[in-house]
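Worksheet: one structure, shown below.
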Amino acid sequence: MQNFAIVTFGCQMNQHDSDRIGEVLRAAGLSEVPDPEAADFVLLNTCSVREKAEQKLRSEVGRLGVLKRERPGLIIGVAGCVAQQEGEKLLKKMPQIDLMIGPDNIPELPAMLRECEAGGPPRVRAEFDVDAPSFLAHDLQHAPTSGPATTAFVTVMKGCNERCSFCIVPYTRGPERYRPAREILDEIAGLTRVGVREVTLLGQTVNSYTDPEAAFGPSARHATGDWRHTERQRAESDESEFPALLSAIAERAPNLARLRYTSPHPRHLTRSLIRAHAELNVLCRHVHMPVQSGSDRMLRRMIRRYTVAEYLERVTALTEAVAGLTLSTDIIVGFPGESRSDFEQTLDLVERAKFMSVFGFKYSPRPFTPALKLADDVSEEEKSSRLAELFFVSNAIRHRHLNSLCGNEITVLVEGRNKGGQWGGRSERNEIVHFSSDFELTGRLVKVRIQSANKNSLLAELAEAIDDAPRALPAVAAKPQRHLPLSPV
Ligand code: 5AD
């Protein structure tokens, strides 16, 4: 077997896992091909958070099964949440699959492949590493050869101890396990040495972070809870060591230009986290804070452990502490029992919180989850129409926001060229910006002047490059580039 292809479904966590799986396979001597049709081994890295993602997997396996009839040597693997959740059951239903591997077993993949090649039977490895958790880190030696990336994900925790009634994650990713701060800091330092400028910390409830090696000491967790809507005892249990981790990263990775995190839980948006946002320049002025619903009745049924007033009080404190900070969110429509009035309260919250982006989903019942006991009583048609209405409202808010930026100068971290040849990057506040330039700008912070707003992004012209950002490895350019004269930082 010589080469592999990975097809990824789902969230950032899955994309991160796919990137690390690629490194494990390259370290085992395989090379990556972009086209699954040309690969000896195709790995489908799956997501089961909503039913649609799972259906996509089934049709993809069917398609590859046809290919396998022509090329019996083709090995089909399934990784990720569906592998964890379905295991042997899926193997019986889909005999085209040769191996299934859960998120905690990825280092075992090369050995499983060798067994498969030697004619071994289909196998499933999907066990949580609860007693001795390990975390997939970047293997810079086996990264893709297309040059250093500008942005990178770094895992700080995995699993989830919340029991939101709609969510399958606790069953596919296991209980919360935290990565030692020491390892996180080392990985970030290594990434900045090869030119990474922006790191996004990853975890299912990323802001519940606590260092398993207790490096931050007891003072890191002190409660400063003076919330109007949350009783003191509960506010204290919401404290974590996430703010201390952010401060440690800011101090120990001075070359890092930007730090983000995803996804936080609103109850861990504490006074200390808000203070970290106000004090740490490296923290971007954008937070994705899933709210799920604007109705207290629905939030209780979802077991979210906060009310709309608590959510609003906390995000308002955050936006007051950090001028201009933008918010985005996740919302589920058509949760069991959601009435028209519950949904209208959600629309009202979207307006009040002025979310710059809303990721909206129609409720889909998932295996093992507590909400299965509730009747899925909002019709499919009604779910679709509520979702369309939600997007209509949130698109209008985004449109207003993006239009209000026209004529302004903003700083963009350039991530690369888009298909049309324009440069693309994001502002600190997570606005997507495109502009033209003949200069090689990957990984550079540049100042641009906003000219117009599209539906989801901004069009701009280059004003100036504002930093030099020496890159350890030369960025790969399609054609020789001129170099931009730099103004001092
Ligand atoms: N149905 C619909 N959406 C869901 N999500 C999680 N579980 C479900 C479900 N059963 C959404 C939530 C979560 C996002 C990642 O996916 O909004 O924040």
Side-chain angles (χ1 to χ4, degrees), residues 8-17 45-57 80-82 84-86 103 153 157-173 176 200 202-208 261-269 287-295 298-299 301-306 308 311 315 327-338 342-343 346-347 349-350 353 355 357-380 382-388 390-391 394:
T8 308
F9 306 93
C11 64
Q12 289 104 329
M13 190 70 86
N14 266 25
Q15 187 53 54
H16 172 263
D17 285 356
N45 192 15
T46 61
C47 167
S48 58
V49 120
R50 289 171 298 277
E51 203 177 0
K52 222 163 140 191
E54 224 175 284
Q55 283 160 359
K56 264 206 263 172
L57 166 76
C81 291
V82 177
Q84 188 71 43
Q85 171 205 326
E86 300 261 337
F153 290 117
M157 58 85 69
K158 57 182 176 179
C160 184
N161 290 353
E162 299 291 323
R163 285 293 177 272
C164 303
S165 62
F166 52 80
C167 188
I168 198 172
V169 164
Y171 315 98
T172 59
R173 296 270 171 169
E176 288 177 16
T200 301
L202 266 189
Q204 269 92 9
T205 56
V206 70
N207 57 343
S208 70
Y261 56 85
T262 197
S263 277
H265 189 286
R267 73 189 188 88
H268 297 295
L269 177 56
V287 173
H288 180 72
M289 187 64 71
V291 68
Q292 312 299 359
S293 172
S295 148
M298 288 299 109
L299 290 175
R301 292 192 133 209
M302 291 177 169
I303 320 187
R304 285 294 286 175
R305 303 211 265 168
Y306 55 81
V308 175
Y311 181 93
V315 295
L327 292 169
S328 57
T329 201
D330 289 346
I331 284 174
I332 297 177
V333 299
F335 188 73
E338 187 188 66
D342 291 313
F343 175 64
T346 297
L347 294 181
L349 174 67
V350 169
F355 294 118
S357 303
V358 172
F359 297 84
F361 309 102
K362 290 189 267 185
Y363 169 70
S364 75
R366 308 307 299 126
F368 315 115
T369 56
L372 277 182
K373 295 202 185 82
L374 306 170
D376 183 16
D377 54 0
V378 180
S379 72
E380 188 54 32
E382 185 61 29
K383 282 179 188 169
S384 299
S385 99
R386 286 184 193 174
L387 193 64
L390 173 68
F391 286 146
S394 82

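Quick caveat, the model's predicted, so the values are computed rather than measured. When a ligand or atom number is given, it counts from 1 through the structure's own listing order.
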Go through ligand 1 atom by atom and flag the ones less than 4.0 Å from a non-hydrogen atom of Gln292. 12 (C), 13 (C), 17 (O), 18 (O)
Would you say that Val333 contacts Glu382 through its side chain, given a criterion of any heavy-atom pair below 4.5 Å between the two side chains? no
For atom 4 (C) of ligand 1, the protein heavy atom that lies nearest, with its residue and separation: Ile332 CD1, 3.6 Å
Nearest non-hydrogen protein atom, atom 18 (O) of ligand 1: Asp330 OD2, 2.7 Å
Check: Arg301 side chain, Pro336 main-chain N or O, donor-acceptor pair, under 3.5 Å: yes
Nearest non-hydrogen contact with atom 2 (C) of ligand 1 belongs to which option: Lys362, His288, His265, Lys52? Lys362
Taking heavy atoms and a distance under 4.0 Å, where does Phe166 meet ligand 1: side chain, backbone, both or neither? both
Which of the numbered atoms in ligand 1 are below 4.0 angstrom from a heavy atom of Arg366? 10 (N)
With Arg50 as the cation and Phe361 as the aromatic partner, state whether NZ or CZ is under 6.0 Å from the six-membered ring centre and within 45° of the axis. yes
Sequence-distant partners of Ser293, side chain to side chain contact (heavy atoms under 4.5 Å, CB included), two or more places apart: Ser295, Met298, Leu299, Met302, Thr346
Tell me, which protein residue and heavy-atom name are nearest atom 1 (N) of ligand 1, and how many Å apart are they? Ser364 N, 3.0 Å
Going by distance alone, is a donor N or O of one side chain under 3.5 Å from an acceptor N or O of the other, for Glu176 and Thr205? yes
Can you confirm, on distance only, whether ligand 1 has an N/O atom lying under 3.5 Å from any N/O atom belonging to Pro365? no
Glu51 near ligand 1, heavy-atom distance under 4.0 Å? no
Could you tell me, atom by atom, which parts of ligand 1 come under 4.0 Å of a heavy atom of Val49? 7 (N), 8 (C), 9 (C), 10 (N), 16 (O)
Can you name the side chain to side chain donor-acceptor pair (under 3.5 Å) partners of Thr8, sequence neighbours left out? Ser18
Run the salt-bridge test on Asp376 and Lys383 with the 4.0 Å N-O cut-off and return the result as yes or no. yes
For the side chain of Gln204 and the backbone of Lys158, is there at least one donor-acceptor N/O pair under 3.5 Å apart? no
Note: heavy atom closest to atom 16 (O) of ligand 1, options Gln204, Arg50, Met13, belongs to Arg50
